Q: 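Mind looking over this structure? Questions follow.
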Amino acid sequence: MSSSALWDPWAPARSHITTELSRRLAARGFPESVEALDRQLEDAPAGVADFGYATHRAAKSAGVPADRLAAEMAEGFPLSGGLARVTSDGAYVNFHADTPRLVQSTLELVFARGPEYGRGPSRTEKACVEHTSANPTGPFHVGRVRNGIIGDTLARVLRAAGFPVTTEYYIDDMGRQSAMITWIWSIPVDQWPPSVREGAQPPAGASSTTEKADRWYGRPYPFVSELLKKDPAAAQGVADLVRDLESGHPPARHRELAQAVLDGMLASLGRVGIRFDSFVWESSLIQDGSVARVIERLRKAPHAVIEDNGALVLDAREYGLPKETAKIVVTRGDGTSLYPTRDVAYHLQKFSRFARVIDVLGQDHQLHARTLAAMLAEIGETQVPEFVIYQDITVPEGGRMSTRKGRAVYLDDLLDEAVERAKSEVLKRREDLPAEQVAEIAEHVGAGAVRYHILRVAPDKPVKFRWEEALSFEGRSGPFVQYAYARAASILRKAGLTGPPVGFNADAIAGSEETSLVRVLARLPGTVQYAARTAHVHTLATYAHEVAESFNRFYQSTPVLRADEPVRTARLALVAAARQTIGNVLDYVGLERLERM
RNA sequence: GGGCGUGUGGCCUAGUCUGGAUAGGGCAUCGGGUUCCUAACCCGAGGGUCGGGGGUUCGAAUCCCCCCACGCCCGCCA
């Protein structure tokens with residue numbers, strides 16, 4: 001599409017208001033740019049107007065009372081761009097859209113763009129969203145999946161905002177974590193150290209063929225982790241393995257095990273709609289020599305220092321890192337690399353492929369992000385990664401979810417429970433559906449509840465995990481949005497429509513529930529742009545609830561199929577537009593559209 | 001001790017970047033609504049010193065300073 005084509009129903013009004021206001025304010029001795037006014041133009045309170053402008057500041061500068069300036073600005077304001085009238089209320093200038101025209105133009109735009117409604121103009125900068133990148137050491141617990149939900153949604157939102165986006169998973173197959181898995185599974189199970197054998201005891205009947213690979217191969221992991229703290233021989237065994245990995249000689253089963261565990265993890269993520277376009281194995285960076293090249297560049301860096309034991313470190317005080325951590329270790333005494341060093345190599349590789357490189361990281365990686373940025377600067381790299389940092393999912397007793405501390409809920413278990421509950425809800429109200437369809441609906445409703453529950457909170461804030469709340473299908477939840485979609489789909493199905501009706505009369509849409517629904521529908525493109533610009537993907541979840549809520553109010557108050565023509569057809573058009581809009585936002589937040597539920 | 005983040009009715013949360021009109025939702029509680037397109041819904045009621053204090057401003061949940069509380073990080077782990 002061309003960038004001048006209309007994609008936001010509110011754009012003509014906003015643009016007219018700000019340019020005209022800018023002119024009129026300038027004439028009054030208060031120059032203010034159109035861009036600045038666009039920021040200051042507020043959504044007026046519902047029922048008062050569509051947009052409002054507070055004149056206090058301009059009035060003060062012009063030396064006139066604010067209410068007088070507001071009245072003056074409203075007086076004779078030219079009506080264009082879909083404005084019906086401009087009024088003043090105290091110090092505010094209030095702009096009212098011409099409702100029939102807004103209805104007409106919004107529905108037309110939704111129908112013209114269809115699945116593309118919500119999208120912005122195409123952009124050329126290729127973006128990479130790296131997220132999740134969890135070590136392949138065992139099943140996901142709910143705490144870790146927040147990374148994937150934020151990252152996956154951000155990728156969807158950036159695509160909607162017009163960027164070509166690749167999602168990428170960086171697999172740490174080099175470090176101690178993944179070496180631990182290979183180490184323990186290279187020992188016959190009956191020869192495992194007792195603490196590991198007892199701890200990892202699978203339930204009766206379980207086997208490597210009945211359990212998912214992530215859970216099966218991950219069973220011994222927490223116990224090996226404990227063992228290494230007190231058993232020097234075991235620690236040595238793992239350390240030897242790490243050296244083999246670093247030198248490019250992984251044991252035969254290493255990659256195979258990592259892949260198997262990873263596949264199990266990806267299957268879990270797939271249930272909540274998370275998929276990856278690309279995978280990069282950390283070991284490939286060692287093998288292709290890029291880590292070695294990074295070490296060479298860092299050796300020549302302005303603040304490089306060789307310690308007594310041969311370790312290469314950077315004195316990073318001037319990068320503003322906290323004093324105690326201002327020493328960045330590039331290589332160990334034996335010359336082997338560390339995670340931050342390898343991450344530099346990875347980022348250089350990403351920079352060669354993408355104009356924007358975005359990393360989704362948990363708050364525990366905050367310092368790593370700054371270290372990485374400092375290291376990239378040290379070697380003269382000008383491109384910088386963007387970081388999206390999110391807070392943990394916490395448990396009621398305080399602190400974050402942790403497998404080791406025994407306070408973790410596996411994603412699969414949560415989903416299984418959600419799906420189970422969803423199934424009984426579906427069965428309660430849909431006796432007509434075949435079992436297969438019930439199962440499919442239940443899977444998507446359960447997944448929708450879980451994904452939405454985690455997505456709805458701003459990344460800056462912790463998510464407090466409670467089973468009952470994560471499993472809620474009511475109120476501010478994923479299924480609430482899915483239900484509104486299903487209701488709209490149901491009406492259209494009963495009307496025998498597969499697309500929007502032709503020749504509807506927009507003037508027949510005049511009820512307050514109808515016109516406020518239109519106003520909400522019109523906000524989708526602006527909401528997408530905002531979410532993409534701020535990386536606050538939770539705002540899409542908020543919008544999804546608002547549009548579903550508005551549709552439900554309309555649904556409750558306004559008969560569609562039983563209405564007389566031409567109202568019936570006009571209302572069907574509104575339902576079709578609502579279905580399209582809710583469906584599109586469901587795509588953005590990664591929830592399945594359900595035609596029935 | 002230092003760094004980063006958070007604190008909004010009983011509980012959860014939006015709004016904070018960009019100060020502006022009665023702080024918007026949800027859960028729970030109480031009271032209503034289904035001979036009618038799916039009640040996973042809708043309507044109504046009660047419930048708020050926006051952690052505390054100070055400052056800036058015509059105006060502060062929002063900006064600045066101090067304090068308190070909570071989370072995370074401060075490895076030649078990743």
Side-chain angles (χ1 to χ4, degrees), chain A residues 36 39-40 42 44-46 48-49 52-57 59-60 66 89-92 94 133 135 172 174-178 242 282 307 309-313 320-325 327 329-334 336 338-340 342-343 362-370 389-392 394 398-400 422 425-426 428-430 445 449 456-458 460-464 466 468-469 472-477 479-480 482-484 486-488 490-495 533-534 536 538-539 541-542 545-546 548-549 552-553 555-563 571 575 596-597:
Chain A
R39 277 196 302 275
Q40 289 166 47
E42 322 164 26
V48 174
Y53 173 72
T55 59
H56 308 86
R57 200 183 354 244
K60 196 175 177 189
D89 180 1
Y92 290 87
N94 285 331
S133 299
N135 292 326
D172 290 331
M174 292 299 300
R176 227 155 60 111
Q177 267 84 349
S178 75
V242 169
E282 191 176 32
E307 303 260 290
N309 69 351
L312 173 62
V313 305
L321 292 169
K323 233 181 287 171
E324 295 79 1
T325 53
K327 191 173 86 171
V329 181
V330 177
T331 68
R332 300 184 179 90
D334 65 4
T336 56
L338 285 97
Y339 159 68
R342 299 193 291 267
D343 213 18
Q363 66 159 332
D364 55 335
H365 279 64
Q366 174 85 36
L367 186 60
H368 170 69
R370 293 171 64 182
I389 308 277
Y390 64 91
Q391 302 295 307
D392 294 314
T394 59
R400 64 170 157 182
E425 292 297 319
V426 179
K428 253 193 257 175
R429 56 202 98 202
R430 301 299 302 255
V445 168
R456 60 195 258 267
V457 182
D460 285 345
K461 297 196 181 199
V463 169
K464 293 175 188 165
R466 287 203 190 83
E468 329 83 66
E469 288 165 21
S472 169
F473 300 153
E474 293 167 9
R476 201 178 164 210
S477 73
F480 179 95
Q482 291 171 311
Y483 182 57
R487 283 177 135 184
S490 174
I491 291 178
L492 297 171
R493 195 164 50 239
K494 292 210 157 108
R533 182 167 56 80
T534 59
H536 278 186
H538 71 290
T539 54
T542 303
H545 179 257
E546 284 171 7
E549 189 177 43
N552 280 334
R553 272 203 268 267
Y555 183 97
Q556 195 75 27
S557 63
T558 315
V560 177
L561 297 177
R562 292 182 300 115
R571 287 184 181 163
V575 173
R596 300 178 160 79
M597 64 183 275

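Heavy atoms only: backbone and side chains are in, while hydrogens, waters and symmetry mates are out. This one's a predicted model, so the numbers in the text were calculated from it and none came from an experiment. By convention in this document, chain letters (A, B, ...) are assigned in the order of the sequence lines, proteins followed by strands, and residues within each chain are numbered from 1.
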Q: Start at the 5' end of RNA chain B and walk down; is the nucleotide closest to Glu42(A) or to Ala548(A) reached first?
A: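 The 5'-side residue here is Glu42(A).
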
Q: Measure distances between side-chain N and O atoms of Asn309(A) and base N and O atoms of C76(B), and say whether any donor-acceptor pair falls under 3.5 Å.
A: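 Flag set: donor-acceptor pair detected.
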
Q: Could you check which of U22(B), C77(B), C41(B) has an atom nearest any side-chain atom of Val48(A)?
A: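 Output: U22(B).
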
Q: Starting the side chain at C-beta, find the nucleotide from C43(B), C77(B), A39(B) nearest to Arg553(A).
A: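 The nucleotide sitting nearest to the side chain is C43(B).
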
Q: Roughly how many Å is it from CD in Gln366(A) to P in C72(B), rounded to a whole number?
A: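 Atom-to-atom, Gln366(A) to C72(B), this comes out as 15 Å.
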
Q: Among the nucleotides G71(B), C73(B), C41(B), which one has an atom lying closest to any side-chain atom of Glu474(A)?
A: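 From the listed options, C41(B) comes nearest.
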
Q: Nearest to the Gln391(A) side chain among C37(B), G5(B), C77(B), which nucleotide is it?
A: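 Output: G5(B).
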
Q: Scan Thr55(A) against the nucleic acid and name what it touches under 4.0 Å (heavy atoms): base, sugar-phosphate only, or nothing.
A: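 No contact at all - Thr55(A) keeps every heavy atom at 4.0 Å or more from the nucleic acid.
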
Q: Taking the minimum atom-to-atom distance to the side chain of Tyr555(A), which one of C37(B), A78(B), A21(B) wins?
A: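 My answer, after comparing the listed nucleotides, is C37(B).
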
Q: Using a 4.0 Å heavy-atom cut-off, write out nucleotides 8-18 of chain B from 5' to 3' as B (base contacted by protein), S (sugar-phosphate only) or - (no contact).
A: B--SSSSSBBB

Q: Excluding sequence neighbours, so at least two apart, what forms side chain to side chain contact (heavy atoms under 4.5 Å, CB included) with Tyr53(A)?
A: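 Here the qualifying residues are Leu21(A), Leu25(A), Phe30(A), Leu37(A), Gln40(A), Leu41(A), Thr55(A), Ala58(A), Val93(A), Phe95(A).
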
Q: By salt bridge (Lys or Arg N to Asp or Glu O under 4.0 Å), which residues pair with Arg466(A), not counting sequence neighbours?
A: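 Arg466(A) satisfies salt bridge (Lys or Arg N to Asp or Glu O under 4.0 Å) with Glu469(A) once adjacent residues are dropped.
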
Q: If we call it a pair only when both distances are under 3.5 Å in a Watson-Crick or G-U wobble match, what pairs with G9(B)?
A: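 Pairing partner, where one exists within any strand: none, as none qualifies.
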
Q: Take Thr542(A) and Arg476(A), measure what side-chain hydrogen bond (donor to acceptor under 3.5 Å, both in side chains) needs, and give me the verdict at the end.
A: CA-CA 8 Å; Thr542(A) 303; Arg476(A) 201 178 164 210; 3.0 Å; yes

Q: CG of Asp392(A) versus P of U6(B): gap in Å, rounded?
A: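 After rounding, the reported distance stands at 14 Å.
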
Q: Would you say the base of G25(B) and the side-chain of Glu549(A) have a donor-acceptor pair closer than 3.5 Å?
A: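 When only heavy-atom distances are counted, Glu549(A) does not reach the base of G25(B) through any donor-acceptor pair under 3.5 Å.
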
Q: Partners of Glu474(A) by salt bridge (Lys or Arg N to Asp or Glu O under 4.0 Å), sequence neighbours excluded?
A: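 In terms of salt bridge (Lys or Arg N to Asp or Glu O under 4.0 Å), with neighbours along the sequence ignored, Glu474(A) is linked to no residue.
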
Q: Return the nucleotide paired to C37(B): Watson-Crick means purine N1 to pyrimidine N3 with N6-O4 or O6-N4, wobble means G-U with N1-O2 and O6-N3, both under 3.5 Å.
A: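 Because no pair has both required distances under 3.5 Å, C37(B) counts as unpaired.
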
Q: Is Arg400(A) near enough to C73(B) that one of its side-chain N or O atoms lies under 4.0 angstrom from OP1 or OP2?
A: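 Affirmative; the distance criterion is met.
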
Q: Under the salt bridge (Lys or Arg N to Asp or Glu O under 4.0 Å) rule, collect the residues that match up with Asp460(A), sequence neighbours excluded.
A: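 For Asp460(A), no residue satisfies salt bridge (Lys or Arg N to Asp or Glu O under 4.0 Å) once neighbours in sequence are set aside.
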
Q: What's the CZ-P distance between Phe480(A) and U38(B), to the nearest Å?
A: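 Checked: the CZ to P distance equals 17 Å.
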
Q: Charged N to carboxylate O below 4.0 Å: is that the case for Glu425(A) and Arg430(A)?
A: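 Looking at Arg430(A) together with Glu425(A), the answer is no, because their closest N to O distance does not fall below 4.0 Å.
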
Q: Select from Glu282(A) and Asn94(A) the residue whose nearest nucleotide in RNA chain B is closer to the 5' end of that strand.
A: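 It is Asn94(A), whose closest nucleotide lies nearer the 5' terminus.
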
Q: Find the distance Gln177(A):CD to C77(B):P and express it as a whole number of Å.
A: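 Rounding to the nearest Å, CD of Gln177(A) and P of C77(B) are 11 Å apart.
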
Q: Using salt bridge (Lys or Arg N to Asp or Glu O under 4.0 Å) as the criterion, list what pairs up with Arg493(A), not counting sequence neighbours.
A: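 Scan of Arg493(A) (salt bridge (Lys or Arg N to Asp or Glu O under 4.0 Å), adjacent residues dropped) gives none.
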
